[in-house]
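Read the structure below first, then the notes.
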Amino acid sequence: MPLRLRMKKKAKSKEASRLVEGEQRGAGGDSPSASPVPPRRLVFHAQLAHGSATGRVENFSSIRELYTKIAGVFEISPSEILYCTLNTPKVDMEKLLGAQIGLEDFIFAHVKGIKKEVNVYKSEDLLGLTITDNGVGYAFIKKIKDGSIIDSAKTICVGDHIESINGENVVGWRHFDVAKKFRELKKEEHFTLKLIEPKKAFEIESRSKAGNSSVGGNRIRRETLRLRSKGPAIVEEVPSETKAKAIEKVDDLLELYMGIRDIDLATTIFEAGKDKGNPDEFAVALDKTLGDFAFPDEFLFDVWGAIGDANRG
């Protein structure tokens, strides 16, 4: 049954997501005289990925504010930060900081390094790269397919920030717009990329656990701080294995249909459809939440199948 609803462009919501430092819990239930327990103080530890002392960041309410806090600690401009990884200083695209931050995660900020300009010949329709972004205007390369056009250009690396394509500045663009720009490049022609790679240092020991992180002096296990596109962020349990696999499948479909990977976007899509009764209800919900993306019907059907598999356990 074809979907009856097509996705429509909507004005982007300017409502900012808010982090919460903890849940207010009253000692006397619903009694108005009950004194609430003070919210938990969330403190995260951070380093510059190429090497630095350890700093502490807190009291931020968005990814942009987090970057500003990190920049303040290390006395750099927020615009110098390309992206952050969690619990490793390596350029590990599986450890990117997004809308979910573990309460014990250690943050490593990757800053701008060497600029480079690369000329590429588009001999095939598919370039073989997957794009993501840091949520504040910097798109970068998350994955390069072995044997692809981009793979043959050895100076192009995973983690490189894409500054311009054929002289057109793409700073401030979302990942799906950058991916679309790549798809629109004509076959059998050269194009030029201006890239910025993250600053590198000698091998640094990776942190598999962030034992020094603190949450008001107490260790909290299996909880994350999740930012949402609407409403305040919440402290929640780590997703179940079934839910995590479904979200990963949605992320795979984003790469297949749109050339991007974005686990936060995949999570939002999953949440929009998990309680819907049929594909049309899912399409309506997704249109309200993410109308700017104009997802194709084929993508929606495949995502609906992934959500159905997850709901059946």
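From a predicted model like this one, the values you see are computed outputs, not experimental measurements. Note that these values count all heavy atoms, side chains included, but never hydrogens, waters or copies made by symmetry.
- Nearest approach of Ala306 to Lys249, heavy atoms of both residues: CB-CG, 3.6 Å.
- Side-chain heavy atoms closer than 4.5 Å link hydrophobic residues (I, L, V, M, F, W, Y) into clusters, and following such links, even through other members, never connects Val158 to Ile114.
- By the 4.5 Å heavy-atom criterion applied to side chains, Leu42 and Ile101 are not counted as neighbours.
- Taking the salt bridge (Lys or Arg N to Asp or Glu O under 4.0 Å) definition, one finds that Lys95 meets it with nothing, sequence neighbours left out.
- Among all heavy-atom pairs drawn from Phe74 and Ala46, the shortest one is CZ-O, 3.4 Å.
- When the ring-ring contact (aromatic ring centres under 6.0 Å, His included) test is applied to Trp304, the partners found at least two apart in sequence or on another chain are Phe282.
- Here His175 pairs with nothing under the ring-ring contact (aromatic ring centres under 6.0 Å, His included) rule; sequence neighbours left out.
- From Glu255, atom CD reaches atom OG1 of Thr132 across 10.5 Å, with rounding to the nearest 0.5 Å.
- Residues forming a salt bridge (Lys or Arg N to Asp or Glu O under 4.0 Å) with Lys274 (at least two apart in sequence, or on another chain): Glu271.
- One finds the OG1 atom of Thr267 at 7.0 Å from the NZ atom of Lys243 (value rounded to the nearest 0.5 Å).
- The nearest pair of heavy atoms linking Ile149 to Glu124 is CD1-N, 3.4 Å.
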- Could you walk me through whether Phe176 and Leu265 pass the side chain to side chain contact (heavy atoms under 4.5 Å, CB included) test, one step at a time? CA-CA 11 Å; Phe176 56 89; Leu265 177 60; 6.0 Å; no
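- For the pair Val57 and Val73, the minimum side-chain heavy-atom distance is below 4.5 Å.
- Here Asp275 pairs with nothing under the salt bridge (Lys or Arg N to Asp or Glu O under 4.0 Å) rule; sequence neighbours left out.
- Between Lys122 and Leu127, the closest side-chain pair of non-hydrogen atoms falls below 4.5 Å.
- Thr155 and Asp160 make their closest contact through O-OD2, 3.8 Å (heavy atoms, listed as atom of the first residue, atom of the second, distance).
- Put simply, OG on Ser52 and CD1 on Ile70 are 10.0 Å apart, with the number rounded to the nearest 0.5 Å.
- Contacts of Phe299 classified as ring-ring contact (aromatic ring centres under 6.0 Å, His included), with partners at least two apart in sequence or in another chain: Tyr257, Phe295.
- Annotation: Leu126, atom CG; neighbour count of heavy atoms from other residues, nucleotides and ligands within 6.0 Å does not exceed 12.
- Closest approach of Ala139 to Val178, counting heavy atoms only: CB-CG2, 3.7 Å.
- The environment of Lys116 atom NZ is dense: over 12 non-hydrogen atoms of other residues, nucleotides or ligands sit within 6.0 angstrom.
- Applying the side chain to side chain contact (heavy atoms under 4.5 Å, CB included) rule to Lys112 yields the partners Glu80, Leu82, Tyr138, Ile196; only residues at least two apart in sequence or on another chain are considered.
- Taking CD of Glu94 as the reference point, atom OG1 of Thr88 lies at 12.0 Å (rounded to 0.5 Å).
- Not a single donor-acceptor pair under 3.5 Å links the side chain of Tyr83 to the backbone N or O of Pro198.
- Between the CG atom of Asp297 and the CG atom of Asp302 there is a distance of 11.0 Å, given to the nearest 0.5 Å.
- Taking 4.5 Å as the limit, every side-chain heavy atom of Lys200 sits out of range of all side-chain heavy atoms of His50.
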Please list every donor-acceptor pair under 3.5 Å in which a side-chain atom of residues 140-147 meets a protein atom from a residue at least two apart or in another chain.
none

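- Between Asp251 and Ala266, the shortest heavy-atom contact is N-CB, 3.7 Å.
- A donor-acceptor contact shorter than 3.5 Å links the side chain of Asn134 to the backbone of Gly137.
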- Item | Step-by-step side chain to side chain contact (heavy atoms under 4.5 Å, CB included) determination, Ile260 to Asp133 | CA-CA 9 Å; Ile260 63 175; Asp133 64 41; over 6 Å; no
- Message: Go through it in stages, so that I can follow the logic: the residues are Phe182 and Ile162, the test is side chain to side chain contact (heavy atoms under 4.5 Å, CB included), and I'd like the CA-CA distance, side-chain angles, deciding distance and then a yes or no.
- Response: CA-CA 11 Å; Phe182 278 120; Ile162 303 166; 3.8 Å; yes
- Query: Passes side chain to side chain contact (heavy atoms under 4.5 Å, CB included), Arg174 versus Asp262? Steps please.
  - Reply: CA-CA 11 Å; Arg174 288 303 312 274; Asp262 187 333; 3.6 Å; yes
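- Criterion: ILVMFWY side-chain heavy atoms under 4.5 Å apart, direct or through other members. Under it, Val111 and Val171 are part of a common hydrophobic cluster.
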Report, one line per pair, each donor and acceptor closer than 3.5 Å where one atom sits in a side chain of residues 183-195; sequence neighbours left out.
from   : atom 1 : to     : atom 2 : distance (Å)
Arg183 : NH1    : Met258 : O      : 3.0
Glu188 : OE1    : Tyr121 : OH     : 2.5
Thr192 : OG1    : Asn119 : OD1    : 2.7

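- Every residue meeting the side chain to side chain donor-acceptor pair (under 3.5 Å) condition with Ser79, not counting sequence neighbours, appears here in chain and number order: Ser77.
- Taking the side chain as every heavy atom from C-beta outward, Ile107 and Lys69 never approach each other to under 4.5 Å.
- For the 3.5 Å distance criterion, the side chains of Thr54 and Gln47 qualify, holding a donor opposite an acceptor.
- By the side chain to side chain contact (heavy atoms under 4.5 Å, CB included) test, Thr68 is found to be paired with Pro78, residues two or more places apart in sequence or in another chain being considered.
- When atom types are taken as modelled, the side chain of His161 and the backbone of Glu197 share no donor-acceptor pair closer than 3.5 angstrom.
- Leu97 is listed as a side-chain neighbour of Leu66, based on a closest heavy-atom distance under 4.5 Å.
- Separation of atoms CG (Asp287) and CG (Leu300) is listed at 9.5 Å; rounding is to 0.5 Å.
- With sequence neighbours excluded, the residues that form a salt bridge (Lys or Arg N to Asp or Glu O under 4.0 Å) with Asp151 are Lys154.
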